[in-house]
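What's counted below: heavy atoms across the whole structure, side chains too, no hydrogens, waters or symmetry copies. Computed from a predicted model, the values in this text were never measured in an experiment. The chain is numbered in sequence order, starting from 1.
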Amino acid sequence: VLHEPISQLLTQLRRINTIAYPPKLRDRLSQAQNTFLAGNPPKGCSDLYDLLEETTRKIVVAAINNNLWNGSLPAFNAATESWHNVCNTAYGKMQFNNVGTLSPQIWANVLAITRHRNETGHSPRTIKARKRRDLEMRTRFEHAADVLRDVLQNTKKFRV
C-alpha cells in the first residue's frame, strides 16, 4: 500500500496559505493539514486547535503581565486553567484596544472554537455520522486556520 485512500469529502479542503503566518508556525500548520488530508481529520483539527490554544494563552498571559486587564487580575494560572475559561475570562476583562489591533469580535471566534476542540475526539458510529463529521471537520479546520491567522495578524505588534 503506497497511500491509504482519502475520502472525497476531505480532498475538498481549502489549503492553508502558510505565507500568511509567521515562519516559525508554517511547519506545524503544514503538518496539521497533511494529517487532516491523510485521513485523520480529528487529529489534524486537534493539532491546529493546539496551536491556536498555545497562541491565545500566550496573549492572555502577556495581557495579564502588562496589566491590560479591566478590574482585578484573574486568580487562575492562564497556563493551566481550562482553555475555555481562559478565553471566556479574557473576553470579558482584557483591554482589546491595547492588545495590538485585536478586537472582541475576533476573540469571540476563539471562544466559540473551544467547544469544537473538545468534540474532535469523539468517534462516529456509522458511515452517515462519519460523513457528517468529516464535513464539519473540514469547515472547522478551515475556520480555525482563519481565526489563528486573524489573531496573529492583529497581535503582530503586541509582544507575546
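Ion pairing between a basic and an acidic side chain is recognised when a charged N comes within 4.0 Å of a carboxylate O; Arg57 and Glu53 show such pairing. With salt bridges taken as basic N to acidic carboxylate O contacts below 4.0 Å, none links Arg15 and Glu142. Between Asp50 and Arg117 there is a salt bridge, since at least one side-chain N of the basic residue sits less than 4.0 Å from a carboxylate O of the acidic one.
Judged by distance alone, with hydrogens and angles left aside, the side-chain atoms of Gln33 form a donor-acceptor pair with the main-chain N or O of Ile16 at under 3.5 Å. Formation of a donor-acceptor pair under 3.5 Å by the Thr56 side chain with backbone atoms of Leu52 is found in this model. Side-chain atoms of Ser103 come within 3.5 Å of backbone N or O of Ile106 as a donor-acceptor pair. No side-chain donor-acceptor contact under 3.5 Å links Tyr91 to the backbone of Gln105. Asn66 contributes no side-chain N or O that, together with a main-chain N or O of Leu68, makes up a donor-acceptor pair within less than 3.5 Å. No side-chain donor-acceptor contact under 3.5 Å links Thr89 to the backbone of Val86. Between the Asn34 side chain and the Ser30 main chain, a donor and an acceptor come within less than 3.5 Å of each other. In this structure, Trp107 contributes its side chain and Cys87 its backbone to a donor-acceptor pair below 3.5 Å.
When side chains are defined from C-beta on, Val110 counts as touching Trp83, because their heavy atoms get closer than 4.5 Å. In this structure, the side chains of Phe141 and Arg14 stay at 4.5 Å or more apart for every pair of heavy atoms. Contact check for Pro74 versus Trp69: side-chain heavy atoms found under the 4.5 Å cut-off.
Counting only N and O atoms by type, the side chains of Asn85 and Glu81 include a donor and acceptor under 3.5 Å apart. Side-chain N/O atoms of Thr101 and Asn154 include a donor and acceptor closer than 3.5 Å. Judged by distance alone, the side chains of Gln31 and Asp27 do bring a donor and an acceptor atom under 3.5 Å apart. Remark: the Asn70 side chain and the Gln95 side chain contain an N/O donor-acceptor pair separated by less than 3.5 Å.
Scored by the side-chain contact (heavy atoms from CB on, under 4.5 Å) test, Ile19 finds Asn17, Arg26 as partners (sequence neighbours excluded).
Minimum heavy-atom separation, Gly44 to Thr35: N-CG2, 3.7 Å.
Following chains of ILVMFWY side-chain contacts shorter than 4.5 Å, one cannot reach Val61 starting from Leu111, and the two form parts of different hydrophobic clusters.
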